[in-house]
Structures are given as structure tokens and as C-alpha cells.
Amino acid sequence: MTELIGSGVELMLVGMGIVFVFLAMLVVAIKTMASLVQRYFPEPPAAAVVVPVTTANKTDKATIAAISAAVHQYRSKN
Amino acid sequence: MTELIGSGVELMLVGMGIVFVFLAMLVVAIKTMASLVQRYFPEPPAAAVVVPVTTANKTDKATIAAISAAVHQYRSKN
Amino acid sequence: MTELIGSGVELMLVGMGIVFVFLAMLVVAIKTMASLVQRYFPEPPAAAVVVPVTTANKTDKATIAAISAAVHQYRSKN
Amino acid sequence: MENVISLWHSTGLYNFTGGQAFMMLVGFLLLYLAIKKNFEPLLLLPIGFGAILSNIPVAGIAEEGGLLYYLYFGIKAGIFPLLIFMGVGAMTDFGPMLANPKTLILGAAAQFGIFASLLGALALNAIPGFEFTLKDAAAIGIIGGADGPTAIYVASKLAPDLLGAIAVAAYSYMALVPLIQPPIMRALTTEAERKIEMKQMRAVSKTEKIVFPLMLLLLTILLLPSAAPLIGMFALGNLMNACGVVERLSQTAQNELINIVTIFLGLSVGSKLSAEAFLQVQTLGVLALGAIAFAIGTAAGVIMAKIMNRFSDTPINPLIGAAGVSAVPMAARVANKIGLESNPHNFLLMHAMGPNVAGVIGSAVAAGVLLSLIK
Amino acid sequence: MENVISLWHSTGLYNFTGGQAFMMLVGFLLLYLAIKKNFEPLLLLPIGFGAILSNIPVAGIAEEGGLLYYLYFGIKAGIFPLLIFMGVGAMTDFGPMLANPKTLILGAAAQFGIFASLLGALALNAIPGFEFTLKDAAAIGIIGGADGPTAIYVASKLAPDLLGAIAVAAYSYMALVPLIQPPIMRALTTEAERKIEMKQMRAVSKTEKIVFPLMLLLLTILLLPSAAPLIGMFALGNLMNACGVVERLSQTAQNELINIVTIFLGLSVGSKLSAEAFLQVQTLGVLALGAIAFAIGTAAGVIMAKIMNRFSDTPINPLIGAAGVSAVPMAARVANKIGLESNPHNFLLMHAMGPNVAGVIGSAVAAGVLLSLIK
Amino acid sequence: MENVISLWHSTGLYNFTGGQAFMMLVGFLLLYLAIKKNFEPLLLLPIGFGAILSNIPVAGIAEEGGLLYYLYFGIKAGIFPLLIFMGVGAMTDFGPMLANPKTLILGAAAQFGIFASLLGALALNAIPGFEFTLKDAAAIGIIGGADGPTAIYVASKLAPDLLGAIAVAAYSYMALVPLIQPPIMRALTTEAERKIEMKQMRAVSKTEKIVFPLMLLLLTILLLPSAAPLIGMFALGNLMNACGVVERLSQTAQNELINIVTIFLGLSVGSKLSAEAFLQVQTLGVLALGAIAFAIGTAAGVIMAKIMNRFSDTPINPLIGAAGVSAVPMAARVANKIGLESNPHNFLLMHAMGPNVAGVIGSAVAAGVLLSLIK
Ligand code: NA
Ligand code: NA
Ligand code: NA
């Protein structure tokens with residue numbers, strides 16, 4: 001019984017410790033990453049959304065466009 | 001080793017043979033089918049599809065049209 | 001053989017009996033429920049009328065419902 | 001050379017059995033009916049295709065390790081029909097039935113087709129070549145329920161060997177409802193009866209629609225728990241739709257999920273169309289009895305509607321009794337059409353939807369009785 | 001006659017046990033809470049329905065060969081919670097957290113509720129009737145993570161018998177966040193603190209959003225691989241959404257796939273609400289400790305925010321600490337609402353989203369610790 | 001203290017092996033190629049992520065009881081590739097091929113890449129370190145089919161250990177088609193040939209599009225039943241789309257179902273990227289032979305097109321021969337682009353779609369031959 005409580009207390013200390021260490025390291029990692037990205041891959045905040053989205057899904061967009069064009073063509077032909 | 005290569009060569013000859021024979025038979029089958037269809041089930045290129053499609057999938061068509069409209073609307077909004 | 005037919009006849013009598021009893025009890029239950037709901041949870045008929053009457057174009061309704069659900073889902077997400 | 005011979009020995013041409021060839025023709029016939037005749041294509045197309053795939057020699061697609069072998073587990077375990085029933089529940093509007101609950105009795109009467117053809121199957125045993133057990137007879141009778149998932153669920157439990165024939169018969173006759181029912185409906189009604197106009201229905205509140213599936217489930221639990229898997233999943237789907245707070249689950253249940261399961265279920269049912277199981281004189285019995293079941297169910301529904309019309313204070317057009325077999329929404333449309341022929345101002349569709357959806361409950365109840373009493 | 005008796009013996013009425021009846025009432029209560037009170041209906045509706053179905057006598061829906069028996073495999077194998085976590089990942093926007101990374105510390109602090117209630121469960125063993133093992137205690141504590149899939153995943157590994165009660169408690173308290181949190185938040189903060197306005201956040205680039213899930217996964221791999229299934233699937237979903245090149249997979253993960261799995265998961269969780277497992281004094285312990293876990297987590301988050309506000313160069317409104325328990329996005333909305341009461345120009349929502357999503361990571365990390373240390 | 005040590009012993013850092021670390025780098029590389037270079041991201045993103053997840057020490061995500069272990073069953077049983085093939089079938093328009101059936105011969109010629117690299121794999125055995133069996137060689141050769149599901153299906157049957165490398169090679173080279181093919185196409189054709197304009201295609205009727213998949217299936221059944229699972233599911237998808245009566249099944253097959261299966265398939269393929277299986281000199285052989293297979297297939301298609309152009313009464317631009325490798329629709333686009341460079345008024349896209357989809361059939365036929373002859 002007391003032993004079990006002891007395990008529980010230990011688990012709490014270790015557990016909260018890990019959680020804090022883990023998330024604190026994540027804070028450091030995010031800050032480092034943010035400064036690296038802003039230095040080496042700067043993106044104009046406004047364009048940031050517009051430009052990459054259009055480049056990234058270009059093929060999907062193109063595919064969809066091509067398919068819908070094909071469908072229209074098919075329908076008009078048949 | 002040499003035996004294995006022998007099996008490989010045989011496999012290549014038989015394999016490419018089958019592939020060619022199969023697709024060549026498919027060519028013949030398609031041509032035969034096309035002429036049979038054009039003779040016995042001629043479809044006026046314009047109307048043929050319009051009539052059966054509208055009767056059969058009327059609701060499905062409407063659904064798709066509505067959804068694609070919604071999708072366009074969504075895209076233009078976002 | 002005759003025994004099997006006997007089982008079949010018994011099954012028919014019991015079966016149809018159960019089906020009738022079950023659905024008859026459901027009729028009573030629905031009527032009771034309806035009067036309880038109308039007494040304790042009355043709803044302005046305006047909204048209620050629209051839904052059952054137009055079920056003729058169930059698919060159109062379903063389509064519209066589906067689209068509006070999709071749109072809401074999109075909006076809540078974006 | 002060795003390879004060429006071994007290849008020839010591995011062709012379908014070399015390995016074909018007559019039975020397989022015949023069953024493939026059956027598969028192609030089902031595809032034809034689905035695509036050209038528009039016979040319940042959502043089910044008969046995958047079933048027909050499954051029949052073809054499972055009868056391909058050498059490939060073993062329906063044998064252990066093959067795709068259809070794995071998919072069939074979803075039927076054997078009852079998972080697919082129950083998920084489809086959930087989706088159907090989500091698509092069902094009980095409004096017309098709740099507005100006019102006595103139409104439930106029509107849904108009960110039409111189940112007579114189930115038990116009559118059960119008896120017919122047992123009677124057929126008098127003819128040499130037929131040896132239907134009570135389980136077989138019950139599974140055949142359920143075709144008269146005019147409800148695909150219920151028929152498949154019951155057949156998978158009671159007579160898996162007949163599953164293919166039963167499913168094909170059930171869906172085919174559902175597609176044939178516009179041909180099977182009208183002559184029976186006309187024969188049993190007078191022109192005056194067909195002209196009867198019915199009273200405008202009351203509005204049904206959202207609360208009633210939410211409470212109903214729970215009430216249905218509760219009654220099933222108390223009286224007939226063997227029907228609980230079927231009615232439970234149906235009620236779940238219906239509740240998800242009616243309650244309005246889990247719209248995304250309801251939409252998925254009646255669209256993507258039911259579509260995926262329909263493809264899998266159809267293919268797996270088709271895999272039961274093997275030569276050994278199907279090319280039996282019994283199959284002819286199944287097909288004949290299925291048609292009889294539909295006809296008797298239709299007649300029973302119409303006659304019950306005539307009786308009710310006599311004793312009811314509000315008029316009941318006997319044609320809506322035919323919709324009690326279920327075959328949603330085809331049977332209700334047939335009732336509407338025949339009604340319009342006699343009286344062009346008489347729109348019976350909504351009135352026929354009541355017995356129509358009641359018929360779904362009725363055959364699930366009948367299924368529960370059969371599953372519970374036949375061991 | 002024999003049939004009638006055998007039928008009576010097969011009714012639910014004849015076979016009901018008191019426990020089953022009670023659990024069905026629990027099921028109906030959950031449905032009521034889901035539909036009428038809008039308590040996390042996407043989960044509690046299927047869970048409640050599953051509880052009803054699995055307690056139907058005779059039907060055996062949750063026993064070997066029944067639908068819920070098969071579906072439960074998806075939980076036992078951990079598949080369902082992980083797929084849901086992938087979908088949640090795809091729906092999560094880490095932008096606010098990346099803009100203000102120190103809010104991660106709030107997401108860490110709020111996990112104190114997990115460990116406090118773990119300890120509470122062990123302390124409860126002093127009362128006769130409670131015999132929680134360390135595994136049980138850990139599974140109960142995870143309710144404090146305020147994250148459904150994580151709680152279900154951990155409970156299925158450590159204490160499957162408590163799974164039903166734990167899932168119900170977790171989702172119920174998530175729904176009750178707007179009632180549980182405000183008094184604690186008001187008690188621990190001054191009016192002046194609640195009025196604190198926070199600085200406008202910087203914009204976060206797409207590259208950061210793509211790199212973050214990979215970085216999170218990498219840290220998990222290096223430090224706490226036992227959390228890798230949970231965090232891995234979460235990161236996969238998030239990456240699919242952030243990267244923009246697999247839009248169709250991301251959409252499916254956060255719509256149809258998560259919907260299908262939610263139905264299955266809810267039903268299977270409900271199947272663990274059996275009388276034997278649930279009607280124990282332990283269940284009361286689970287429910288009480290779950291509430292305590294939420295309360296302590298909230299308090300820990302707020303207190304940590306107060307401490308950080310003292311030492312930070314930019315002001316931090318302590319209310320956003322409460323969002324660290326996760327319960328996305330409810331807890332963030334509560335913080336926003338309480339903030340608006342004190343200062344009608346103070347919109348905390350986006351600021352609270354940081355600790356809110358950090359709380360998801362925090363409880364997945366805590367889950368990893370528990371799974372790793374308790375054998 | 002004990003806990004801290006036990007925790008340290010449970011970190012990834014403590015347990016990492018060099019092989020695992022390297023395979024994770026491979027996983028991250030695949031993610032980079034998918035996201036930044038747009039290399040078949042729908043597949044390479046989940047594959048890369050699966051590679052990372054399955055190489056995490058301690059977590060055991062790909063070991064018995066882990067998520068990827070369960071998902072992998074879908075590949076082992078052949079379910080996933082066949083369902084994807086059904087979806088691809090539903091997305092495929094055979095119109096251009098039916099309008100100009102002789103382009104099928106180009107789809108046959110391009111399969112030479114498969115058999116040439118099969119032979120190459122056997123020849124590699126001369127180098128110490130390589131010990132490819134006939135099964136291995138066949139599985140490697142199928143990369144030349146330029147068709148993902150076919151390659152995965154064949155590899156899972158003949159050489160599961162090479163599955164990871166083969167799938168990665170197949171999808172990578174498909175993504176690299178715009179780099180691999182043009183130099184070969186330019187080297188083998190004259191400027192005059194590249195300028196050849198092709199005749200406007202005839203319209204193909206709906207009936208032909210419905211009959212074709214059935215005819216294709218029938219021929220497969222008669223001649224090569226071992227290809228029936230692949231071609232059967234492909235034909236099913238194509239028929240569902242072409243017939244127009246099961247639109248909702250067709251839409252689900254080419255959207256939600258294929259998306260769900262793609263996520264699962266990608267993760268499971270990734271789980272085969274383990275250090276033991278991948279960090280072999282054999283993997284280099286697989287990658288090299290895969291590239292050779294694509295190159296030889298391209299060359300064979302172009303040369304066959306040149307031969308056909310000489311004997312045909314209507315002109316054939318040899319560039320469209322390169323599209324015979326499949327890699328739909330990338331290879332057809334490449335043919336179109338190279339054609340436009342020489343003749344800005346020459347739109348080859350629709351003409352190249354014929355051999356392009358014929359290549360899918362061709363490689364499925366080749367797969368059937370390999371599965372049938374190699375025991
Ligand atoms: Na029925
Ligand atoms: Na949390
Ligand atoms: Na190919």
C-alpha cells in the first residue's frame with residue numbers, strides 16, 4: 001500500500017519532470033527552427049500563404065482542371 | 001547460375017510473347033467490337049449519351065453538379 | 001416430412017402473430033408518444049411541416065443537406 | 001517449350017469447367033440486367049462481377065488467400081449487412097409513418113409473403129430433388145421481406161449455401177416490383193377503391209422523429225432481442241440522422257461508408273455464386289418461391305388495406321397496402337403510379353411511404369422470429 | 001405452444017438482469033446528454049448506443065461472433081484511437097503555438113492533473129472496496145489529459161476493464177469544461193490579471209508548419225519512443241495537412257476516415273460498458289477522480305501562467321493557462337469567454353489555442369511516460 | 001532513481017542502432033522528395049513516414065501488436081493494391097485507346113523493360129554479394145511496369161523482403177519520368193519524326209466504353225487467369241465508371257476509398273523499409289535495375305512506334321511510344337511536351353493517352369505471366 005503510493009509519487013515526479021523537459025526542449029527547438037527558417041527560408045508574410053499554396057498544389061490543381069476539361073469535352077462529344 | 005540466366009531468357013521470350021499476343025488479340029477484339037457496336041448499336045455522337053445518362057443518373061448528376069458548385073464556391077471563398 | 005410442414009405451419013402462425021403484435025404495439029407506442037410529445041414538448045408546426053411534405057424530392061433535400069453540412073464543416077474548419 | 005506447355009496448362013481455356021462457364025454467364029447476365037435494365041444496379045453490378053471473378057479457374061479469387069475470400073468474412077460475421085442497414089436507417093424518413101401509425105399494420109400484413117413461401121419451400125420437398133431444411137426454407141422465405149440486407153443477414157446465418165441465390169432473387173424481384181405488383185393490385189381492388197383520396201397528413205415534430213428509433217429499439221429489446229442487431233443498427237442510423245447533432249457521422253454512414261460496404265458486400269455475395277452451390281434444382285425453387293413471396297406479400301398488404309378501409313374512420317386507399325412489402329421506395333412509387341391512373345389528382349406517394357418503411361421494420365421483426373425459433 | 005414458450009424464453013423481458021437494465025439506462029442517459037445537452041455528441045452518441053446494444057440479453061452483440069465483438073478489435077489493437085489521432089492531427093493548426101512557443105510550458109503544467117489523480121486513485125485504496133493497481137491508477141489519471149483518443153489508447157493498454165468508464169468520464173468532462181473550469185479560473189486570478197491584453201502574434205510561415213511535426217516526431221523518437229505511436233500518427237496527420245501536396249489524403253483523414261472510425265470506436269467503447277465492469281464502486285472512483293483531474297489540471301495551468309506572467313517580458317493573461325488541459329477547442333473558448341467578461345476588447349482565443357494544442361502534445365507525452373514506466 | 005535509469009534505458013537515444021538511424025534518414029529523404037520535389041507525394045509521403053515510424057527503437061510500431069503490423073496484412077493479403085487498382089480503373093478513360101487500338105502494341109513493347117531488367121538482375125548475380133533468385137528478379141523487373149499497385153502486388157507475392165525497395169524505386173522513377181525519358185526519346189527520334197502530326201481521333205461511344213472492360217476481363221480469364229485479380233479489379237472500377245448507373249460507387253472508389261487505402265498502403269510499404277531488409281547491396285541493385293527498366297521500356301516503346309509508323313497508313317509520332325511504359329499520366333505529358341518543342345501546333349496528349357493506359361494493361365499482363373510461371 002505505502003509502497004504503491006511511493007511508486008505513485010515517484011511516477012508523478014518523474015512524469016511531470018519528463019513532460020516539462022520534453023516541452024521545454026520543444027520550445028527551444030521551435031525557437032531555433034523559427035530563427036533558422038526566417039534566416040534561410042524567409043517568406044513574405046502576405047505572399048507566404050498565396051504563393052506556396054499555388055505552387056505546391058499546382059499539379060493537383062492542374063489535374064483537376066484537366067480532368068474537368070476532359071469531362072466537359074467528353075460530355076459535349078457524346 | 002547459367003541455368004538461372006537460361007530461365008530468365010526463356011521467361012523473357014515467353015513473357016514478351018504473351019504480352020504481345022494478348023494485346024494484339026485485344027486490338028482485334030476492340031476493332032471487332034467497335035464495328036459491331038457501330039453497326040448494331042449506333043449512337044448519334046451528340047444525343048446518344050445525353051438521353052440515357054439523364055434518365056438513369058438524373059439525381060446523381062444533380063448531386064454532382066451541386067457538389068461541384070459548392071466546391072467552387074468554397075474555393076473562391078477561401 | 002409432415003412433421004416439417006407442421007413446424008412450418010406453427011412457425012407461420014407464431015411468426016405472423018409476433019409480427020402483428022409487435023407492430024400493433026408500436027402503433028400504440030407511437031400514438032402515446034405523439035400525444036405526450038405534443039402535450040409536453042410542443043413545436044411550432046411551421047418548421048415541422050416543411051420537412052415531411054417535401055419528402056417527394058427526398059434526394060434534392062438530401063443533396064442540399066449534404067452540401068450545407070459540407071459547407072458548415074468547411075467553415076468551422078477554416 | 002516447357003514454359004509454353006505450363007503456360008497453356010495455366011490458361012483459363014484449359015482449366016474451365018462447364019459449371020464455371022455457366023456461372024460466368026450468370027454473372028454477365030446480372031451485369032446486363034444492372035446496366036441495361038437498371039435492375040438495382042448498386043447491388044447487382046458488384047454481385048455479378050463477384051460471380052465472374054469467383055468462377056475464374058486457376059485464379060482462386062474466392063479461395064483461401066484470395067481477395068473475395070477475405071471480403072466474405074464481412075458477411076460471415078454479419079458486419080456488412082448491419083453496416084448497410086445503419087446507412088439505410090440514416091436515409092429513412094419515418095415522418096409519414098409517424099403521421100399515420102396505423103399504416104404499420106400494412107407493413108405487418110405484407111410479411112405474410114415470408115411465411116407463405118417458407119411453407120411453400122417445405123411443400124416443395126414433396127418433389128424429388130428438393131430437400132430444404134427448415135433453415136433453408138426460412139432463408140428462402142425472407143426474400144419476401146423485399147429487403148436486401150435483412151435477406152443477406154438471415155441467409156448468412158441460416159443457409160450460407162443458398163446465400164448467392166437468395167441475394168440475387170431478393171434484389172432482382174425488388175427491381176421487378178413495377179412488373180410484379182400492378183396486376184395483383186388491380187386484380188384485388190375495384191376502380192372505386194383505387195380512386196380513394198386520403199387525408200392530408202399531420203406534421204411530425206423533430207422530437208417524435210428522435211424518440212421513435214429509441215422506442216423501436218426498446219420494444220425490440222423487450223420482446224424480440226434476436227432482432228436487435230438488425231433493428232439496433234437501423235435505429236442507430238436513423239437516430240444519427242434525426243437528432244441533428246452528429247450530422248457528419250450521419251452523412252458518412254449514408255454515403256461513403258455505405259458505398260464502400262456495398263462494393264465489398266456485392267463482391268462477396270457474388271463469390272457465393274459458385275457452380276456447386278448455384279447449379280442445383282434447389283436454385284430454381286428459390287427463384288420461384290421468391291417470386292411467390294413477393295406476390296403473396298403484395299396481396300396480403302392490399303387485402304389488409306381493404307379491411308382497414310372498411311373499419312377506419314378516415315379513408316384508406318387499398319393500393320398503399322402493396323407498399324408494405326418494403327422494396328423502398330420502389331413499391332411506394334408503384335402505388336402512387338397505379339393510383340394516378342385511376343385518379344389523376346390523387347397523390348398517394350407520401351401515404352404509401354408509411355407502410356413502405358413499416359415493411360422494413362416488419363421484415364426485420366420476422367427475421368428476428370426466424371433467427372430466434374429455428375435452431 | 002412449445003414455440004410460444006420458447007419465444008417467451010427468448011424475450012428480453014424474460015432474460016433481463018438488473019445490471020443489464022441499469023447499464024441500458026446509462027446508455028440512454030448518454031444519448032440524452034449527447035442529443036439534448038450537446039455533450040460531445042460525436043462520441044457520446046455512439047458510446048451510449050453501444051452501451052445499449054451490448055447489454056441486450058440473448059442478442060450477444062458484444063459477445064464472440066457479434067458485431068461489437070469484431071469492432072472492439074480495432075480498439076484492442078490500438079488501431080482506432082491512432083487513426084482518430086491522425087485525423088485530429090490533420091485538423092490541428094499549430095500556428096498560434098509556433099508564434100508563441102512558451103505557451104507550450106502551460107500545456108506541460110496542466111498535465112499535473114494526470115499525475116495528481118493517479119496519486120488520488122492509489123490513495124483511494126485506503127477505502128475498502130477500492131483496489132486500484134498502478135496500471136488502473138495511470139489509466140484513470142490520463143482522463144486528466146482531456147484528450148479522448150489518448151485516454152482510450154492508454155486505457156486499452158493498461159486497464160481494458162476500466163475503458164468504458166474512463167472514456168465516458170473523459171468525454172463527459174470535456175463537454176463539461178465550460179462548467180468545471182470558470183470557477184477555478186476566477187478563484188485563482190484577480191480582475192486585473194483577467195484584464196491583461198496580450199500582444200498580437202507574429203505570422204508563422206508555411207515552412208515552420210511543415211517542419212514542426214517532423215521536429216516533434218524526432219524529439220519523441222529520441223527521448224520517449226513509447227509515445228511514438230500516438231505522437232507519430234498525430235504528426236503524420238498534421239504534416240499531411242501542412243505540406244499541402246497531399247490535400248486529398250488530408251481531407252479524407254479529417255473527414256470520412258475519422259467519421260467512420262468514430263462510429264466504430266464509439267460503439268466499441270460502449271461495448272465495454274457492461275454491468276460487471278461498470279457497476280463497481282471503482283467506477284464512482286473513476287468518475288470522481290476524473291473530475292478532480294480536470295480541476296487540478298486547470299488550476300495548474302492557471303498558476304503556471306501567473307508565474308510566467310511575472311517573469312515574462314510580454315504580458316501573459318493567466319486565463320490562457322486553463323486551456324493547457326487541451327479539450328480542444330472548448331477550453332480555449334472558455335478562456336476567451338472569461339477574458340471577455342472582464343475586458344470586452346480582449347480576444348484571447350488565438351492566444352489560448354497555443355496552450356490548448358500544446359496540451360494535446362503534453363498529454364501524449366505523459367501517456368508515453370506511463371506506458372513506458374508501468375509494466 | 002531506478003525510474004530515471006529505466007527511463008533512460010527506454011529512450012530512443014539509448015536504443016538506437018546505426019541501421020535504424022540510417023533508415024530514418026531514408027524516410028526523411030522520401031518526405032523531402034515528396035514535399036519539396038513533388039515526387040509522387042500521395043505515395044511517397046506515407047511511405048517515408050512509415051519508414052520512420054517502423055524504425056523507431058522500443059516503440060515496435062511495425063512489430064506484432066503494432067499499428068503497421070496490422071496494416072501490413074492488407075498488403076500481404078493483396079487487398080490494398082487491388083483496391084487501389086479498382087480506384088485507378090474508375091479514374092481511367094479508355095476512350096483514346098479505343099479510338100486508336102493499335103496503340104496497344106506500344107503498351108506491349110514498353111514492357112520489354114520489365115523482362116530486360118529481370119535478366120539484368122540475374123546477370124548481377126555474377127557480382128559477389130548479389131544473390132537474386134528468379135522470384136527476386138521478377139519482382140525487380142516489374143518496376144519497369146511503371147505502375148505502383150502492380151509492382152507492390154507482385155513484390156508482395158514473390159519477394160516481400162524487397163517490397164520496400166521496389167515500391168520506393170517504382171514511385172521515385174515514376175516521379176522522375178520527366179527527367180529519364182526525354183534524352184532517350186530525343187536520341188532515338190529525328191526532328192522530322194518528332195514533328196509528325198497525328199490524325200484527329202474518332203469519337204468513342206458509351207457502349208464501347210462499357211463493353212471494353214468486360215472484353216478485357218474475358219480475354220484475361222481465357223488466356224491468363226493469373227492476371228485476373230489485377231485486371232479484374234481494374235476492369236470492375238472502369239466498368240463502374242463507364243456504365244453510369246453506379247455513379248456513387250464509382251465516386252467512392254476513386255475518392256474516399258482509394259484515399260484511405262493509399263494512406264494504409266503507404267504506411268505499410270514504409271514498414272518494409274527496415275534496416276535488415278534495405279541496407280543490403282541488393283538494394284543498390286534494385287535501384288539501378290529499376291532505372292534501367294524505365295529506360296529500356298521507354299526505348300522499346302519509341303522504337304516500336306517508329307516501326308509502326310513505317311508500316312502504318314496513318315502517321316504515328318514515335319514520341320507517343322514512350323508513353324507505353326504507363327506512369328499515367330506523366331509519361332503522356334512528357335510525350336506531349338517533347339512534341340510541342342519540335343512542332344508548337346502538335347498536341348500529342350490525347351494520342352499518347354492510348355499507349356499510356358495500354359501500358360497499364362501491358363504490365364498487368366506481364367505480372368500475370370510472372371506470377372503464373374515462377375513458382
Ligand atoms: Na419488408
Ligand atoms: Na491534454
Ligand atoms: Na506499365
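Proteins get letters first, then strands, A, B, ... in listed order; numbering begins at 1 in each.
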Verify the distance criterion only: is there a donor paired with an acceptor across the side chains of Gln280(F) and Thr283(F) at less than 3.5 Å? no

Tell me, for Leu13(F) versus chain E, whether the close heavy atoms (under 4.5 Å) come from the side chain, the backbone, both or neither. both

Side chain to side chain contact (heavy atoms under 4.5 Å, CB included) evaluation trace for Leu224(E) with Thr11(F): CA-CA 5 Å; Leu224(E) 198 63; Thr11(F) 61; over 6 Å; no

Highest number of heavy-atom pairs under 4.5 Å with chain F among Gly368(E), Gly78(E), Pro229(E) belongs to Pro229(E)

At what distance, to the nearest 0.5 angstrom, does CG of Asn55(F) lie from CG of Leu25(F)? 10.5 Å

Nearest-0.5 Å distance that lies between atom CG in Leu287(F) and atom OG in Ser172(F): 8.0 Å

From Met240(E) CE over to Met86(E) CE, what is the distance, rounded to the nearest 0.5 angstrom? 5.0 Å

If I measure from the heavy atoms of chain E, does Asn255(F) come under 4.5 Å with its side chain, its backbone, both, or neither? both

How are the rings of Tyr14(F) and His9(F) set relative to one another: parallel (under 30°), tilted (30 to 60°) or perpendicular (over 60°)? parallel

Any residues in residues 62-71 of chain F near chain E, with a heavy-atom distance under 4.5 Å, and which are they? Gly65(F), Leu67(F), Tyr70(F)

May I ask you to name which of Leu371(E), Ile260(E), Leu239(E), Leu83(E) has the most heavy-atom pairs under 4.5 Å with chain F? Leu239(E)

Whatever's closer than 4.5 Å to a heavy atom in chain E on Phe16(F) counts as side chain

Which atoms of Phe73(E) are under 4.5 Å from chain F, going by heavy atoms: the side chain, the backbone, both sets, or neither? side chain

CD1 (Ile263(E)) and CG (Leu43(E)) are apart, to the nearest 0.5 Å, by 11.0 Å

Should the pair Lys272(E) and Tyr72(E) be classed as cation-pi, given the thresholds of under 6.0 Å to the six-membered ring centre and 45° from the axis? yes

My understanding is that only one of Leu53(F), Leu273(F), Ile56(F) makes a side-chain contact (heavy atoms from CB on, under 4.5 Å) with Met24(F); could you say which? Ile56(F)

Specify whether Phe94(E) and Phe234(E) have parallel, tilted or perpendicular ring planes, treating 30° as the upper limit for parallel and 60° as the lower limit for perpendicular. perpendicular

Using non-hydrogen atoms only, which part of Ser10(F) is less than 4.5 Å away from chain E: side chain, backbone, both, or neither? both

Interatomic distance, Ile47(F) atom CD1 to Phe49(F) atom CZ [nearest 0.5 angstrom]: 14.0 Å

Using distance alone, with no hydrogens and no angle criterion, decide if Glu247(E) and Ser250(E) have a side-chain donor and acceptor under 3.5 Å apart. no

Could you have a look at Leu45(F), Ile258(F), Ile52(F), Asn15(F) and say which one has the most heavy-atom pairs with chain E under 4.5 angstrom? Leu45(F)

Mark yes or no for whether Asn259(F), through its side chain, and Arg248(E), through its backbone, hold a donor-acceptor pair below 3.5 Å. yes

Region of Leu217(E) that comes under 4.5 Å of a non-hydrogen atom in chain F: side chain

Which atoms of Ala227(E) come close to chain F, meaning under 4.5 Å heavy atom to heavy atom: side chain ones, backbone ones, both, or neither? neither

From CD1 (Ile114(E)) to CG (Leu119(E)), nearest 0.5 Å: 13.5 Å

Neighbours of chain E found in residues 27-35 of chain F - heavy atoms under 4.5 Å: Phe28(F), Leu31(F), Ala34(F), Ile35(F)

Which atoms of Leu82(E) are under 4.5 Å from chain F, going by heavy atoms: the side chain, the backbone, both sets, or neither? side chain

Winner by heavy-atom pair count (cut-off under 4.5 Å) against chain F, out of Ile79(E), Leu223(E), Thr252(E), Leu236(E): Leu236(E)

I'd like to know whether CZ of Phe112(E) has more than 12 heavy-atom contacts from other residues, nucleotides or ligands below 6.0 angstrom. no

